[in-house]
Q: 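Structure incoming, see below.
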There are 2 protein chains.
Amino acid sequence: MTRQRQTILEILRSTSSHPTADWIHAQARKRISNISLGTVYRNLKVLKEMGEIVELDYGSTFSRFDGNPISHYHFVCEECGRVYDIDLPVDQGLEEKVRQRTGFEIRSHRTEFYGLCLECQGRKD
Amino acid sequence: MTRQRQTILEILRSTSSHPTADWIHAQARKRISNISLGTVYRNLKVLKEMGEIVELDYGSTFSRFDGNPISHYHFVCEECGRVYDIDLPVDQGLEEKVRQRTGFEIRSHRTEFYGLCLECQGRKD
DNA sequence: GTAATTGCAAATAATTTGCTGGGTG
DNA sequence: CACCCAGCAAATTATTTGCAATTAC
């Protein structure tokens with residue numbers, strides 16, 4: 001656990017904004033001025049494999065990262081691209097239903113909602 | 001509606017394998033030998049905007065495309081990368097719950113399951 | 001006839017990787 | 001001291017785009 005890895009994890013733990021690798025890199029530079037983007041990507045991959053963070057790889061051309069590894073729903077605004085957490089209990093029974101129906105071994109599932117967030121509704125595009 | 005667009009749509013309608021742009025391009029070449037990959041991408045984008053097809057942009061570094069635009073669940077095998085359709089009714093009530101909870105305008109939602117498909121379980125990796 | 005669309009090749013954008021030197025336990 | 005990991009820059013991969021010629025209606 002290097003200083004770089006620790007810093008990246010702290011940044012992700014302290015925000016609920018589901019940031020991009022670039023944004024994380026910019027924040028990390030405030031603390032370690034010469035940290036490289038490659039290092040950010042490498043550590044995001046390691047932290048993901050450790051189960052400490054989750055990669056959100058949908059809804060745009062780039063990934064966002066979530067410092068909360070506990071399963072929860074997400075909402076993606078189709079206007080501004082922001083990702084919000086949805087505070088509703090996740091239906092865990094679904095996985096068992098899919099297992100019974102398919103015989104597949106289900107390790108996880110996730111649900112994303114798409115639409116317009118409050119701010120973007122206000123802008124009436 | 002050009003011959004190229006028609007061909008791409010037919011290819012997608014006639015398979016349930018959720019192919020990649022590359023695979024679609026290879027198939028299309030069998031019918032239109034000089035069709036370009038750029039044309040495939042351009043038409044996939046148009047067909048998606050028309051609501052004829054759906055882009056599955058998660059679970060790997062590249063997109064897959066689904067010729068069935070009716071909302072249904074997907075399963076992504078973490079071993080072989082294949083995407084399967086899941087024959088279970090989609091919970092449409094969820095969108096209303098999220099709308100009530102957040103005030104967001106919900107246009108759609110989707111759910112993906114991750115794990116091991118039957119073939120990959122058999123291989124006991 | 002006119003606007004949309006094609007093929008081709010070059011450009012882009014995000015992410016990954018090779019290398020070499022430095023830090024960690 | 002053995003190995004993992006950092007920084008840097010170049011490479012890779014999927015996708016997008018500019019342009020001149022062609023096709024659709």
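We name chains A, B, ... by the order of the sequence lines, and we start the count at 1 in each one. Note that the structure is predicted; figures quoted are calculated from it, not measured.
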Q: I want to check something: taking the side chain as every heavy atom from C-beta on, are B/R64 and B/W23 in contact at a cut-off of under 4.5 Å?
A: no
Q: Answer with base, sugar-phosphate or nothing: what part of the nucleic acid does A/F62 contact at a heavy-atom distance below 4.0 Å?
A: sugar-phosphate
Q: Is the shortest side-chain N/O distance from A/S63 to OP1 or OP2 of C/dT15 below 4.0 Å?
A: yes
Q: Is a side-chain N or O of B/R99 found less than 3.5 angstrom from the main chain of B/I106, in a donor-acceptor match?
A: no
Q: Taking the side chain as every heavy atom from C-beta outward, state whether B/I24 and B/F65 have any pair of such atoms under 4.5 Å apart.
A: yes
Q: Determine yes or no for a side-chain-to-main-chain donor-acceptor pair under 3.5 angstrom, with A/D57 supplying the side chain and B/G59 the backbone.
A: yes
Q: Do A/E78 and A/C120 come within less than 4.5 Å of each other through their side chains, counting heavy atoms only?
A: no
Q: May I ask you to decide if A/L12's main-chain N or O and A/T15's side chain share a donor-acceptor pair within less than 3.5 Å?
A: no
Q: Got a sec, which residues hit side chain to side chain donor-acceptor pair (under 3.5 Å) with A/Y73, two or more places apart in sequence or on another chain?
A: none
Q: Do B/E95 and B/R107 touch side chain to side chain, with heavy atoms closer than 4.5 Å?
A: no
Q: Of all nucleotides in DNA chain D that come within under 4.0 Å of a heavy atom of chain B, which is furthest toward the 5' end and which toward the 3' end?
A: D/dA14 to D/dC25
Q: When the side chains of residues 45-54 of chain B are checked against the rest of the protein, which donor-acceptor pairs come out under 3.5 Å, sequence neighbours left out?
A:
| residue | atom | partner | partner atom | Å |
| --- | --- | --- | --- | --- |
| B/K48 | NZ | B/E55 | OE1 | 2.5 |
| B/E52 | OE1 | B/R13 | NH2 | 2.4 |

Q: Go along nucleotides 1-9 of chain C 5' to 3' and tag each nucleotide: B for a protein heavy atom under 4.0 Å from its base, S when only backbone or sugar atoms are that close, - otherwise.
A: ----SBBB-
Q: Quick one: does B/F75's side chain get under 4.5 Å of A/R101's, heavy atoms only?
A: no
Q: Using a strict heavy-atom distance below 4.0 Å, which residues from residues 49-59 of chain B are in contact with DNA chain C?
A: none
Q: Would you confirm whether A/E105, through its side chain, and B/G115, through its main-chain N or O, come within 3.5 Å as a donor-acceptor pair?
A: no
Q: Which class fits the ring pair B/H18 and B/H72: parallel under 30°, tilted 30 to 60°, perpendicular over 60°?
A: tilted
Q: Are B/R42 and B/Q4 close enough that some pair of their side-chain heavy atoms sits under 4.5 Å apart?
A: no
Q: Five pairs at each end of the helix from C/dG1-D/dC25 to C/dG21-D/dC5: take the axis at both ends and give me the angle between them to 10°.
A: 30°
Q: With rounding to whole Å, what would you report as the distance between D/dC5 and D/dC1 at their C1' atoms?
A: 16 Å
